[in-house]
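Notes to accompany the following structure.
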Amino acid sequence: MDYDNAGKHRKLQINELEEIHNDFYESARIYKEKTKLFHDKMIYRKSIVGGQKVLLFNSRLKLFPGKLRSRWSGPFVVTNVFPYGAVEVTSLTKGTIFKVNVHILKPYYENFTTNVDVIELRDVLPLEE
């Protein structure tokens with residue numbers, strides 16, 4: 001029961017525990033940096049310009065949901081783009097102007113046509129036995 005040796009041993013244990021704690025803290029910081037880089041790489045940046053037609057996400061539809069009702073309303077016309085994701089839109093039907101966040105908008109594509117090949121189907125005569 002030597003108090004001096006016990007005290008030195010206890011200080012050594014505390015120092016080792018502090019080193020382990022610092023290692024864990026450093027590895028957690030590295031993990032968070034890697035996760036943030038991966039997340040930021042996957043973010044899709046929307047490019048909205050003035051005069052563009054957009055659809056607006058209707059988040060209030062959750063109160064009175066319709067089974068087949070679309071959550072997107074519009075089209076609206078972008079009149080002004082502010083920094084940090086704010087956009088001013090104008091309704092085409094009512095003419096009202098209001099500000100929204102760019103995250104609840106998506107581009108509106110009108111008269112979207114695709115090239116479709118038409119194949120005529122003919123009646124097949126049954127095989128005679």
Side-chain angles (χ1 to χ4, degrees):
M1 296 297 272
D2 187 13
Y3 290 115
D4 291 334
N5 287 338
K8 289 178 183 177
H9 184 66
R10 186 65 178 161
K11 284 181 185 178
L12 182 64
Q13 287 178 339
I14 290 174
N15 287 339
E16 288 176 359
L17 186 63
E18 189 173 336
E19 286 179 17
I20 293 171
H21 178 266
N22 289 338
D23 290 341
F24 282 131
Y25 182 77
E26 183 67 21
S27 65
R29 187 184 61 80
I30 292 170
Y31 172 75
K32 287 180 184 180
E33 286 177 359
K34 286 182 180 179
T35 307
K36 182 178 177 2
L37 287 174
F38 177 75
H39 178 266
D40 291 345
K41 186 171 59 174
M42 294 300 184
I43 290 177
Y44 171 69
R45 304 282 183 212
K46 293 182 182 179
S47 60
I48 303 292
V49 295
Q52 182 180 2
K53 289 186 178 180
V54 292
L55 295 175
L56 177 68
F57 183 75
N58 187 2
S59 62
R60 296 181 187 208
L61 198 59
K62 293 177 186 174
L63 299 175
F64 305 104
K67 189 170 187 179
L68 299 175
R69 190 170 176 181
S70 175
R71 292 183 182 259
W72 296 95
S73 60
F76 297 92
V77 176
V78 175
T79 56
N80 197 357
V81 179
F82 298 101
Y84 304 109
V87 176
E88 189 176 80
V89 294
T90 304
S91 174
L92 290 177
T93 56
K94 299 178 184 176
T96 56
I97 299 172
F98 50 94
K99 285 185 184 179
V100 294
N101 195 335
V102 75
H103 294 119
I104 61 173
L105 296 176
K106 74 176 180 180
Y108 174 71
Y109 301 108
E110 59 183 336
N111 298 332
F112 184 72
T113 59
T114 58
N115 296 333
V116 178
D117 294 334
V118 178
I119 300 174
E120 295 182 18
L121 299 176
R122 292 180 268 157
D123 289 336
V124 179
L125 297 175
L127 295 174
E128 294 182 21
E129 295 178 20

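Here, residue 1 is the first one in the sequence, and each next residue gets the next number.
- Comment: Glu26 engages Arg29 in a salt bridge, judged by a side-chain N to carboxylate O separation of less than 4.0 angstrom.
- Rounding to the nearest 0.5 Å places CG of Asn101 at 14.0 Å from OH of Tyr84.
- A donor-acceptor pair is defined here as one N or O able to donate and one able to accept, closer than 3.5 Å; no such pair exists between the side chain of Thr96 and the backbone of Ser91.
- Within 6.0 Å of the OH atom in Tyr31, the count of heavy atoms belonging to other residues, nucleotides or ligands does not exceed 12.
- Cluster annotation: Leu55 is not connected to Val77 through the hydrophobic network of ILVMFWY side chains, with a link wherever side-chain heavy atoms come within less than 4.5 Å.
- Of the inter-residue distances, the one linking Leu12 atom CG with His9 atom NE2 reads 7.0 Å to the nearest 0.5 angstrom.
- Between Val87 and Leu105 the shortest side-chain heavy-atom distance falls below 4.5 Å.
- Between the CD atom in Glu16 and the CD atom in Gln13 there is a gap of 7.0 Å [rounded to 0.5 Å].
- When every heavy atom of Val100 is checked against every heavy atom of Leu56, the shortest pair comes out as CG1-CD1, 4.0 Å.
- Considering every non-hydrogen atom in both Pro107 and Gln52, the closest pair reads CB-NE2, 3.7 Å.
- Sorted by first then second residue, the salt bridge (Lys or Arg N to Asp or Glu O under 4.0 Å) pairs that include residues 94-108, not counting sequence neighbours, number zero.
- For the atom pair CD1 of Ile30 and OG1 of Thr35, the computed distance is 11.5 Å after rounding to the nearest 0.5 Å.
- The two residues Phe98 and Phe76 come nearest to each other via the heavy atoms CZ-CE2, 3.8 Å.
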